Amino acid sequence: MHAEIAGAGFAGLAAAIALRRRGWSVRVHEKEAELRAFGAGIFIWENGQRALQAIGAYEDVARGAHRPPGYETRRNGVRNSFEKINGTNRYLLQTMTRQHLYSAIIASAEREGIEVLTRSEAVGARPEGVLHLADGRSLEADLVIAADGVRSAVRDSLGLACERRKYQDGIVRVLVDRAPFIGGDWEHVIDFWAFEPRILRILYAPCEEGRLYLVMMSPRDDKEAATLPIDPAVWGSVFPMLVPAIQTIGARGRYDVYEMTRLDTWSVGRVAIVGDAAHALPPTLAQGACLAMMNALSLAEIVTAGSDVPASLKRWEDQERALTDHTQARSAELARTRALGAGMQWDDVGLRAALHVPFGSRPEEFPRRTQA
Ligand SMILES: Cc1cc2nc3c(=O)[nH]c(=O)nc-3n(C[C@H](O)[C@H](O)[C@H](O)COP(=O)(O)OP(=O)(O)OC[C@H]3O[C@@H](n4cnc5c(N)ncnc54)[C@H](O)[C@@H]3O)c2cc1C
């Protein structure tokens with residue numbers, strides 16, 4: 001069985017590795033000239049860690065990623081929630097640069113001998129199992145996977161009903177040096193919120209090798225804050241304790257608006273849509289990449305077990321869709337209400353995906369106690 005995959009992001013590579021490990025031949029098409037991660041840092045919850053274990057990338061990720069001992073929220077400088085994490089308690093969360101995560105996944109793909117073609121742009125697909133490339137070629141496969149991100153050309157070529165929504169806030173993401181913030185509470189993830197004199201938020205997350213990931217949220221219509229390069233005076237006046245980091249940002253950073261994509265169906269014939277192409281969500285629960293890898297893994301597991309690819313893809317969606325829909329809905333609600341400013345909303349509703357054991361992972365290979 002052979003799969004052609006559009007997009008070498010987290011979803012595309014996870015699908016490629018999971019299929020390859022189940023005996024498929026796979027080829028991945030990436031439109032960029034090189035494999036490079038955008039977006040500064042990333043949070044990977046336990047479900048994402050388990051998916052990484054199942055695609056042979058967990059050890060490399062865990063070697064170096066930061067394991068914050070606590071997660072706290074401060075509103076106008078006052079702590080309003082705190083939870084110990086990464087010990088013997090309930091929640092496992094690692095923070096890292098995107099490049100660290102991506103490198104670990106690429107290394108696993110290389111070990112599996114997976115062919116990844118760069119400068120290979122997909123422009124569409126046909127349900128009978130054909131991937132069309134920008135260079136004019138059409139490649140046949142038993143399975144075509146559209147993992148080409150939130151603005152998926154392959155998805156759009158299929159004419160699927162697709163709901164896309166933007167929310168009121170946007171985010172600047174940046175990596176800086178962590179040197180001024182070592183030890184004590186600075187090892188935690190800290191979610192700094194301010195509602196006066198203006199609505200601003202900085203999510204502070206230590207990463208590997210002395211890097212610090214700052215997620216700087218502001219309303220889209222705040223022209224002074226929702227802009228690049230950031231204005232250190234605007235941010236520093238609201239978060240004085242973070243000034244040593246803010247003043248080093250300079251021209252760096254990437255700005256994104258909170259977005260959501262929802263499809264009527266995740267497959268047509270032999271074409272599956274996975275990751276942000278199918279279910280992008282606001283980052284309020286830090287689940288986009290975790291869900292992308294989980295759903296890519298279960299896709300490989302289910303399509304390998306079945307004998308009829310289109311029917312297997314329907315079974316895959318039947319099985320996975322509810323948790324993804326739930327996580328999208330909760331993320332969207334948190335984006336709309338900014339409820340995280342009142343403290344972490346860590347309950348079985350918000351963290352249902354984080355606590356989920358991905359289908360196709362091997363729980364026996366992920367003993368939680370090794371994390372303590
Ligand atoms: C501000 C912000 C913070 C986030 N934080 C987190 C977090 O902490 N934890 C978490 O789990 N998730 C987080 N996410 C979500 C996460 O980034 C995405 O869900 C994840 O990147 C989706 O992976 P993907 O592989 O589906 O798509 P992408 O990462 O977008 O990868 C798609 C790939 O396809 C390639 N491509 C695009 N078009 C084509 C084409 N036509 N042909 C070939 N290749 C193509 C792209 O170059 C890219 O390499 C965050 C998102 C945002 C916006």
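Just the heavy atoms: all of them, side chains too, but no hydrogens, waters or symmetry mates, feed the values below. When a ligand or atom number is given, it counts from 1 through the structure's own listing order. The shown structure was predicted, so the numbers you read here are calculated from the model rather than taken from an experiment.
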Exercise for the section: Tell me yes or no: between the side chains of Trp193 and Thr73, is some donor less than 3.5 Å from an acceptor? Expected result: no
Exercise for the section: Give a yes-or-no answer on whether the side chains of Ser25 and His2 include a donor-acceptor pair shorter than 3.5 Å. Expected result: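 Yes.
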[X], any N or O under 3.5 Å of ligand 1 N or O:
X      : result
Ala6   : no
Cys290 : yes
Val274 : no
Gly12  : no
Arg98  : yes
Ala122 : yes
Asp256 : no

Taking [atom] as the reference point, the nearest protein heavy atom with its distance:
atom                    : value
atom 12 (N) of ligand 1 : Ala289 N, 3.0 Å
atom 39 (C) of ligand 1 : Asp148 CB, 3.5 Å
atom 9 (N) of ligand 1  : Phe43 O, 2.9 Å
atom 49 (O) of ligand 1 : Glu30 OE1, 2.6 Å
atom 3 (C) of ligand 1  : Pro283 CB, 3.4 Å
atom 31 (O) of ligand 1 : Gly9 CA, 3.5 Å
atom 26 (O) of ligand 1 : Asp276 N, 2.8 Å
atom 34 (O) of ligand 1 : Gly7 CA, 3.3 Å

Exercise for the section: Check Glu121 against ligand 1 and report side chain, backbone, both or neither, counting heavy atoms closer than 4.0 Å. Expected result: both
Problem - For ligand 1, the portion of Glu259 having any non-hydrogen atom under 4.0 Å away - result: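 For Glu259, no heavy atom sits under 4.0 Å from ligand 1.
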Problem - Shortest non-hydrogen contact from Ala125 toward Val154 - result: CB-CG1, 3.6 Å
Among the heavy atoms of [X], does any lie under 4.0 Å from an atom of ligand 1?
X      : result
Gly48  : no
Gly39  : no
Ser120 : yes

Handout entry: Element-labelled atoms of ligand 1 that are located less than 4.0 Å from some non-hydrogen atom of Ala147
Key = 32 (C), 33 (C), 34 (O)
Practice task
Measure the acute angle between the ring planes of Trp45 and Trp346, then classify it against the limits of 30° and 60° as parallel, tilted or perpendicular.
Solution key: perpendicular
Exercise for the section: Determine the interplanar angle of the Tyr58 and Phe366 rings, folded into 0 to 90°, and report it as parallel if under 30°, tilted if 30 to 60°, perpendicular if over 60°. Expected result: perpendicular
